[in-house]
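What follows is one structure encoded as structure tokens, with my remarks underneath.
Chain letters run A, B, ... following the sequence lines, proteins first and then strands; every chain starts at 1.
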Amino acid sequence: MTLHQTLIYLLIAHLQFQSISTSDEDTFSEELLLKPLFSEQLYAHFQFATHWNIEPKNENYQHSHLFPRAVGEIVGRYNVQELHISLTGGLWRYETWGYPVIDAAPGAEVWAWFKPSTTNVDKNWKLLANSLSGLLCASFNFVDISNTVSPDFSFRPRGVVDWSNNLNNTFLRYATLPREIVCTENLTPLKKLLPCGSKAGIASLLNSGHIHNTKYHSTGLHLRHVCSSESCDSVALELQLSVSLVYDYAILGTRNWSFKKLFGHGLNGKCPLATKSNIYVDLSSSKTLNNFELSPEPDQIITSIRGGQVSDYALFNIPSKFLNVGVKYPEDFTLTVNIPPPIHANQYLTGYGQERGGIVTEIYNNHWSSLEIVILQNIAWYVPVYLHTLTITSGGQKLEPKILKYSPGKQREKPYYIEIALKLPARSITTVSIDFDYVFLKWQEYPPDANHGFYIGSAVVSAYLPLAKNYTGLPQDSATIFGSFNASRSGYLVQIRTENMVITLPTPDFSMPYNVICLACTVVALAFGPLHNITTKRLTPKKKNEEKLMQKVKKKLVNFLKKKTKTE
Amino acid sequence: MLSNKELYIFLSTSLVFTSIYAINLEHSFIEKARNGHTNNWAVLVDTSRFWFNYRHVANVLSIYRSVKRLGIPDSQIILMIADDMACNPRNPRPATVFNNANQHINVYGDDVEVDYRGYEVTVENFVRLLTGRLPPGTPRSKQLLTDEGSNVLIYLTGHGGDGFLKFQDSEEITSQEMADALEQMWQKQRYHEVFFMIDTCQAASMYERFYSPNILSVGSSMVGEDSLSHHVDPAIGVYIIDRYTYYALEFLEDVSPESNRSMGEFLKVCPKSACISTVGVRKDLFLRDPDEVPITDFFGSVRPVKLVETVPTLEHFVNVSQIPLRVIKTESKPKKYHYVPPLPIFSKV
């Protein structure tokens with residue numbers, strides 16, 4: 001069989017097989033949520049969800065229909081149970097903007113659960129990171145055991161599992177790359193994972209020039225297992241791809257936004273493969289003051305009552321003709337007072353000089369009752385922290401952590417891992433601080449732009465909120481924004497990411513003049529000693545004693561005897 | 001990490017083998033040269049970090065745009081960019097890189113795929129990429145999967161000197177290392193022909209040491225000369241493209257996948273009056289006459305198509321059901337799946 005015959009055979013075999021294995025139950029949905037934020041921003045969240053009912057017998061993940069095969073292969077190859085990736089530029093401002101649909105840390109963040117049958121989790125994790133770097137054009141290949149932790153509480157599986165209640169976090173890996181830059185090359189591969197690509201449907205609105213002109217942009221890939229039936233005795237794979245954008249009216253030049261202004265053009269029909277193609281506009285801010293005019297008229301108004309929050313959404317089913325949703329605000333705009341959400345957090349550095357410093361995390365509880373939270377810190381090995389300096393205070397009072405998990409870092413091998421479970425008093429500001437030392441690195445460990453500084457990733461503050469105020473997150477059992485309407489639950493998970501921090505480690509001067517000076521000084525110092533000796537000291541030959549040992553002894557003996565005779 | 005020392009040892013041992021195998025390879029090679037190449041690859045490298053080196057990123061993206069337009073797919077282009085200019089906070093128009101003050105062409109485009117970026121652009125990664133000695137687990141998009149029928153375009157830009165090219169302002173590749181890497185590629189039958197293009201100061205010094213066959217080289221300046229930039233964009237505030245690449249791009253913009261322009265014409269691009277530096281060319285390692293080589297041999301892409309006379313039927317092949325599947329044993333007991341609460345309840349822990 002020649003090579004090209006083989007190729008044709010493979011092609012035909014593939015096509016045939018695909019038609020066999022394609023199940024009609026694969027579904028794809030595309031949604032766009034637009035929400036005016038307090039007070040000068042607009043939040044646009046694209047949510048794409050693919051649901052794939054895989055046959056349990058055929059777990060090689062190679063024959064997919066709407067599901068991207070590249071992702072399926074990764075799942076099959078590295079024995080992945082769950083995978084969550086986010087690539088973010090900018091910082092989500094919780095205090096004013098409320099909670100996003102999906103939380104994401106600035107830079108790159110990745111966490112994965114491996115199946116319990118995995119033999120070498122660290123190896124699979126490294127290979128998975130490498131594959132992701134190829135899949136998403138990001139530097140995930142810098143993820144390794146030296147910046148990875150396995151948190152006990154913060155990152156539990158989001159999907160369904162068949163494990164017993166005690167989760168074994170040795171199968172969990174979490175890492176962040178706070179320095180990672182997010183640009184068009186990360187968005188391109190993400191768009192290619194969608195069934196319609198960026199050719200049709202809501203994804204055609206994703207034009208890089210208009211996306212990276214925003215205050216905050218985040219792309220996410222979230223893969224998990226979900227129930228494929230009511231009884232939940234079989235599972236399906238679910239992939240959520242998301243793009244979150246926060247537009248600033250100052251950059252847009254106007255408050256009256258429209259698709260054309262936001263994305264460069266309007267929408268030409270939906271993705272024909274999607275079972276759900278919806279656009280929602282949050283009308284809550286329009287209800288009281290600043291009543292904006294929406295054009296065209298929405299197909300439906302949905303009222304969602306969720307966790308004590310009533311919100312109205314305008315729903316557009318995407319027609320096959322051109323659609324350009326836009327709003328018009330009244331001329332006289334009234335500014336309102338910001339009501340911050342129940343919990344938000346900040347992080348900053350303390351100290352001065354290049355010897356000692358501190359990391360401080362401030363958590364604000366605006367709720368009327370106490371709240372339980374978990375703080376996770378993944379601190380790089382080049383920032384050695386001291387556990388004995390960990391202090392938690394709230395309103396001048398010392399607060400005892402309910403649980404404290406700590407694992408010390410090891411230079412070049414392991415990061416510092418701290419996870420604290422706390423009960424925040426009602427209406428309080430809690431400060432968690434810890435001190436660290438600045439360290440010297442080996443000269444080859446400094447990056448080419450060492451003077452830019454070194455990054456400390458964001459802390460993750462997780463809480464289970466009793467009410468859904470300013471909350472847009474999805475419930476655990478749903479992957480669509482539609483599923484979050486009227487979805488009242490016992491609690492609402494938020495995972496607040498704080499700011500990244502940059503520290504300047506003591507950096508040697510790598511410049512050429514400095515090195516020339518150092519070298520010249522060394523040469524001079526080495527030359528000076530001998531030259532000084534030669535010119536200032538006189539060399540005189542030392543008289544050598546050539547007597548033999550026996551003669552010496554004899555001489556001493558004779559002298560001794562002479563003395564004795566004298567005294568006698 | 002492979003230390004430089006080890007690399008040197010490896011390279012020098014491979015030199016010994018050259019002389020032994022050269023005779024055999026040369027004969028089989030001439031046969032292949034007549035047959036022509038079967039696929040095209042491009043390795044495009046920007047080695048400069050920092051905003052004021054914007055022009056080097058614009059250089060490399062200009063060539064990227066051209067080869068992509070002329071038909072080399074993204075899967076066969078290895079693009080290395082040492083710093084992010086498009087989404088740099090100093091860029092007044094995010095997600096764009098322009099190579100012209102008129103801002104006609106956004107060379108960054110809407111579907112760019114950068115394979116090596118930021119700190120990944122190192123001498124080690126570059127040499128490993130060329131020689132194919134990458135660590136296990138390297139994704140396909142970061143590998144140069146060439147064979148003996150590949151025509152490879154290598155384009156380098158950055159800050160160079162006599163016999164070296166700086167990477168990221170912290171390390172450099174010497175012309176000898178470059179020549180040895182190409183020799184190793186040749187011995188491993190990783191190319192059919194190479195077109196080596198370099199836009200740096202003293203560019204000609206980089207290809208002087210080459211000793212492997214079938215390499216056509218062009219550099220933007222001779223030894224002792226500086227390569228100069230073309231013009232400033234006042235909106236961006238820095239020089240936005242180098243002279244040689246500017247004129248090369250101007251030439252390439254007129255080339256279409258069907259055009260008959262030759263490499264000979266391309267080598268005459270940017271005369272001294274336009275470039276200020278002298279464009280250096282090295283043809284002695286290249287067997288063919290550049291005037292007879294179509295430019296699409298390096299900048300375009302061959303997609304081999306073979307016609308078959310009979311329609312193959314499935315009977316000739318193995319039954320589809322015989323394809324081995326990785327079947328996971330299913331347990332007889334039905335499993336029960338459930339959601340785990342996202343946070344534990346601490347009063348119970």
Can you find a heavy atom in the side chain of B/L145 that is under 4.5 Å from one in the side chain of B/W41? yes
With side chain to side chain contact (heavy atoms under 4.5 Å, CB included) as the criterion, how do A/S139 and A/S133 come out once you've worked through the C-alpha distance, each side chain's angles and the decisive distance to 0.1 Å? CA-CA 5 Å; A/S139 306; A/S133 84; over 6 Å; no
Any side-chain donor near an acceptor of the partner, A/H265 and A/N207, under 3.5 Å: yes
Mind telling me whether B/H56 and B/H159 have parallel, tilted or perpendicular rings, with 30° and 60° as the class edges? perpendicular
Does any backbone or side-chain atom of A/Y446 lie under 4.5 Å from a heavy atom of chain B? Answer side chain, backbone, both or neither. neither
Looking only at heavy atoms, which of residues 102-112 of chain B get nearer than 4.5 Å to chain A? B/Y108, B/G109, B/D110, B/D111, B/V112
Quick check on the interface: out of A/V235, A/V374, A/L127, who has the most heavy-atom pairs with chain B under 4.5 Å? A/V235
Less than 4.5 Å apart, any side-chain heavy atom of B/T47 and any of B/F126? no
Using distance alone, with no hydrogens and no angle criterion, decide if B/Q143 and B/T138 have a side-chain donor and acceptor under 3.5 Å apart. no
Please examine the side chains of B/E172 and B/F167, heavy atoms only from C-beta on, and report whether any two atoms are closer than 4.5 Å. no
Contact part of A/E180 toward chain B, heavy-atom cut-off under 4.5 Å: side chain, backbone, both or neither? side chain
Closest heavy-atom contact between A/H212 and A/V182? CD2-O, 3.9 Å
Just wondering, do A/V161 and A/Q81 contact through their side chains at under 4.5 Å, heavy atoms? yes
Are A/D152 and A/K405 close enough for a salt bridge, meaning some N to O gap below 4.0 Å? yes
With only heavy atoms counted, which part of A/K423 is less than 4.5 Å from chain B, the side chain, the backbone, both or neither? neither
Can you find a pair of side-chain heavy atoms, one from B/V127 and one from B/L130, that are under 4.5 Å apart? no
State whether the number of non-hydrogen atoms from other residues, nucleotides or ligands found under 6.0 Å of B/R140 atom CZ is greater than 12. no
Please determine, by modelled atom types, if B/T174 and B/E177 share a side-chain donor-acceptor pair under 3.5 angstrom. yes
Counting heavy-atom pairs under 4.5 Å to chain B, which of A/A450, A/C137, A/S231 comes out on top? A/C137
Is A/K192 close to chain B through its backbone or its side chain, or both, or neither, when contacts mean heavy atoms under 4.5 Å? side chain
Below 4.5 Å, heavy-atom pairs only: which of A/D477, A/D449, A/L493, A/I211 has the largest tally toward chain B? A/D449
pair A/H452-A/R179: side-chain heavy atoms closer than 4.5 Å: yes
Should A/R156 and A/E82 count as an ion pair when the cut-off is N to O under 4.0 Å? no
Using non-hydrogen atoms and a 4.5 Å limit, figure out which bit of A/A138 sits close to chain B: side chain, backbone, both or neither. both
Okay, A/R224 and chain B: the region with an atom under 4.5 Å from a heavy atom over there is side chain
Quick one: which residues of residues 84-92 of chain B reach chain A at under 4.5 angstrom, heavy atoms only? B/D84, B/A86, B/C87
Quick one: does B/Q202's side chain get under 4.5 Å of B/F164's, heavy atoms only? no
Members of residues 57-68 of chain B whose heavy atoms come closer than 4.5 Å to chain A: none
Just by distance, with hydrogens left out, do A/E419 and A/S154 show a side-chain donor and acceptor under 3.5 Å apart? yes
Name the region of B/R49, side chain, backbone, both or neither, that has any atom closer than 4.5 Å to a heavy atom of chain A. side chain
At a heavy-atom distance under 4.5 Å, which candidate from A/G89, A/G134, A/C232 has the highest pair count against chain B? A/C232
Counting heavy-atom pairs closer than 4.5 Å to chain B, which one of A/A421, A/P189, A/P157, A/S198 comes out on top? A/A421
Minimum side-chain heavy-atom gap A/E372-A/L422 below 4.5 Å: no
Can you tell me which of A/L132, A/L135, A/L128, A/N186 forms the most heavy-atom pairs within a distance under 4.5 Å of chain B? A/N186
Just to verify, what does B/Y116 make a ring pair (Phe, Tyr, Trp, His ring centres under 6.0 Å) with, not counting sequence neighbours? none
Check whether B/P136 gets within reach of chain A through its side chain, its backbone, both or neither, counting any heavy atom under 4.5 Å. backbone
Have B/E120 and A/N141 got a donor and an acceptor in their side chains that come within less than 3.5 Å? yes
